[in-house]
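Read through the structure below, which is laid out as structure tokens, and then see the notes.
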Amino acid sequence: MTINDILQETYIALSANKARSGLTILGIVIGIASVIALVAIGQGSTAAIQSSIASLGSNLIEISPGAQRTPGSPVRQAAGSAASLSADDADAILSGVADVANVAPSISAREQVAAKGTNTNTSVMGVTPSYASVRDVAVSDGTFITDSQEASAAKVAVLGPAASANLFGYSGATTSDIVGQRIRINNLDFTVIGVSAPKGGSGFSNEDDVIYVPMLSAQRYLTGSRSVNSISVEAASQDAMTQVQADITSLLLARHGISDPARADFSVLNQNDLISAVSSVSQTLTLLLGAIAGISLLVGGIGIMNMMLTTVTERTREIGLRKAIGATRTDITTQFLAEAIALTVVGGVIGIALGWGISAIVDATGAVTTVVSLGSVGLAFGVSALIGIVFGYYPARRASRLNPIEALRYE
């Protein structure tokens, strides 16, 4: 049989029962589309989180209160004091650790904020002027917090673009109108002195939905505590980060009077640690999503085998006639295997288009970022073809082994 003969016979055989062929193809379509869409969501989430971490600043080392992480665990233990860090610790790091470019302590709390009849619940962060440099915060209109405003605990605020939109409803083109307006935080009036440039993010990790106030103001008027929630350290270079991290740990252990590092009441993570931990978790999640979607591909493959076995039974006399006039086992095997592969290839192409479309629609909504890689598309298509071969081989082999005499007598 020539390739042209095989293609013609395959088309005729599959067209003979369009409904059954269509339903069989549908199983593959759903499986392939699910794999591509779910993997795209997993990869997109990983990329978005990595981008969000990278946007926090360069050569960043983050110090948080609480017990040190247990070995091999990315999660800090519940033990430890939430008030174990202070602004004095930040000053000591800046003056006592080599290769530190800048240090920015901060304190944060979620507060109800009101302005001109509107209100929103957002993160209010008490920061020092160095925070803008360390965490790469740019101001699109107005100014950031100054040293004098920090020293005097001035009631001033810099709004993130999402927070300014929630409070004033202005677009980015008119944020200059917001500078000079007043907002109420914890029943106290704060004057808006600036609006920061967009950084991106979503949910509780949205760097745009935040309000910055002087740290001393936050401690005096909002939290009533001298402790800080975080200390961000900018290392002088990428190569110095590991040594800076170790020196910070030694310094804070000495300042807090702790001799056993395992009992540290703080955690020190650098940007690479954060990205590595997030990537590991996201990759595991992506594999899990892909495996769940792969189950539907397995079900689709079983559907192909079921259809082909039914087809062999229905076409027993045809198979006997073909063999009687000279068709070999290879010819019969090739014919039925081609039909199974055709089902999966057609289903694979439609499934890829559908999965790509679903990913694009989800991405367009802005709810979740999706990334469709050519690798995942190629893998999905390859798996669909492999399913056709694996699940089509047994019915094809069974058809080729039919006795022609018994096949011709089959009713």
Side-chain angles (χ1 to χ4, degrees), residues 48-49 51-57 60 62-66 76 82-83 85 87 90 104-115 118-142 144-145 149-150 153-170 172 175 178 181-232 267 269 274 278 366:
I49 294 173
S51 176
S52 179
I53 293 174
S55 71
L56 296 178
L60 185 66
E62 193 75 15
I63 308 166
S64 304
R76 288 186 293 123
L85 294 178
S106 62
I107 186 169
S108 64
R110 292 199 70 85
E111 299 282 353
Q112 199 72 21
V113 183
T118 62
N119 67 85
T120 182
N121 186 275
T122 188
S123 176
V124 177
M125 295 192 65
V127 299
T128 60
S130 59
Y131 187 91
S133 172
V134 175
R135 297 297 289 265
D136 213 12
V137 177
V139 177
S140 60
D141 285 295
F144 199 71
I145 296 164
Q149 290 167 339
E150 163 64 20
K155 296 176 185 176
V156 295
V158 177
L159 307 185
S164 67
N166 290 337
L167 289 170
F168 296 98
Y170 294 151
T175 52
I178 299 174
Q181 301 281 352
R182 290 184 176 275
I183 60 175
R184 290 187 67 81
I185 307 174
N186 200 22
N187 293 322
L188 295 173
D189 286 338
F190 283 71
T191 301
V192 178
I193 60 171
V195 177
S196 63
K199 296 190 71 172
S202 61
F204 290 103
S205 65
N206 191 347
E207 291 288 311
D208 293 340
D209 189 14
V210 65
I211 296 175
Y212 304 105
V213 300
M215 189 176 69
L216 192 57
S217 303
Q219 291 175 329
R220 181 175 299 177
Y221 303 120
L222 303 180
T223 67
S225 171
R226 296 289 296 172
S227 63
V228 298
N229 295 139
S230 175
I231 300 176
S232 300
S267 292
L269 289 175
L274 293 173
V278 167

- Side chains of R182 and T191 in contact at under 4.5 Å (non-hydrogen atoms): yes

- Query: How about F190 and I211: do any of their side-chain heavy atoms sit closer than 4.5 Å?
  - Reply: no

- Message: I'd like to know if the side chain of R226 reaches the main chain of Q219, judged simply by a donor and an acceptor atom lying under 3.5 Å from each other, with no hydrogens or angles considered.
- Response: no

- On a heavy-atom basis, the closest approach of S123 and S108 is OG-CB, 4.3 Å

- Kindly give the heavy-atom pair with the smallest separation between F144 and I193, and that separation in Å. O-CD1, 3.9 Å

- Message: Nearest 0.5 Å, please: how far is OG in S130 from CD1 in I145?
- Response: 10.5 Å

- Query: So, the side chain of D208 versus the backbone of A162: is there a donor-acceptor pair under 3.5 Å, distance only?
  - Reply: no

- Taking all atoms of both residues into account, what is the closest heavy-atom pair of S196 and G160, and its distance? OG-CA, 3.3 Å

- Looking at side-chain heavy atoms only, is the closest gap between D189 and K155 below 4.5 Å? no

- Message: Would you say that more than 12 heavy atoms from the other residues, nucleotides or ligands in this model lie under 6.0 Å from the CZ of R184, or not?
- Response: yes

- Item | Shortest non-hydrogen separation from E150 to V127 and the atoms involved | OE1-O, 3.6 Å

- Query: Mind checking whether I183 and L167 have side chains closer than 4.5 Å, heavy atoms only?
  - Reply: yes

- Which distance, rounded to the nearest 0.5 Å, do you find between the OG of S267 and the CG of L85? 9.5 Å

- Message: Is a donor from one side chain sitting under 3.5 angstrom from an acceptor on the other, for S227 and S225?
- Response: yes

- Message: Please verify the inter-ring angle class for Y131 with Y212; under 30° counts as parallel, over 60° as perpendicular, anything in between as tilted.
- Response: tilted

- Query: Does the side chain of T120 come within less than 4.5 Å of E111's, by heavy atoms?
  - Reply: no

- Query: Is any NZ, NE, NH1 or NH2 atom of the basic residue among R135 and E62 found under 4.0 Å from an Asp or Glu carboxylate oxygen of the other?
  - Reply: yes

- Item | Nearest heavy atoms of S232 and L60, plus distance in Å | CB-CD1, 3.8 Å

- Task: Starting from the C-alpha separation in whole Å, work towards a yes-or-no answer on side chain to side chain donor-acceptor pair (under 3.5 Å) for Q112 and N119.
- Result: CA-CA 7 Å; Q112 199 72 21; N119 67 85; 2.7 Å; yes

- Query: Hey, does D141 have a side-chain heavy atom less than 4.5 Å from the side chain of I178?
  - Reply: no

- Message: For the backbone of D209 and the side chain of T122, can you confirm whether one donor and one acceptor N or O come within less than 3.5 Å of each other?
- Response: yes

- Message: For a quick test of reading the model, state the closest non-hydrogen atom pair linking Y221 to L188 and the distance between them.
- Response: CB-CD1, 3.5 Å

- For T128 and A104, indicate whether the former's side chain and the latter's backbone hold a donor-acceptor pair under 3.5 Å. no

- Step by step, work out the side chain to side chain contact (heavy atoms under 4.5 Å, CB included) result for N166 and T118. CA-CA 8 Å; N166 290 337; T118 62; over 6 Å; no

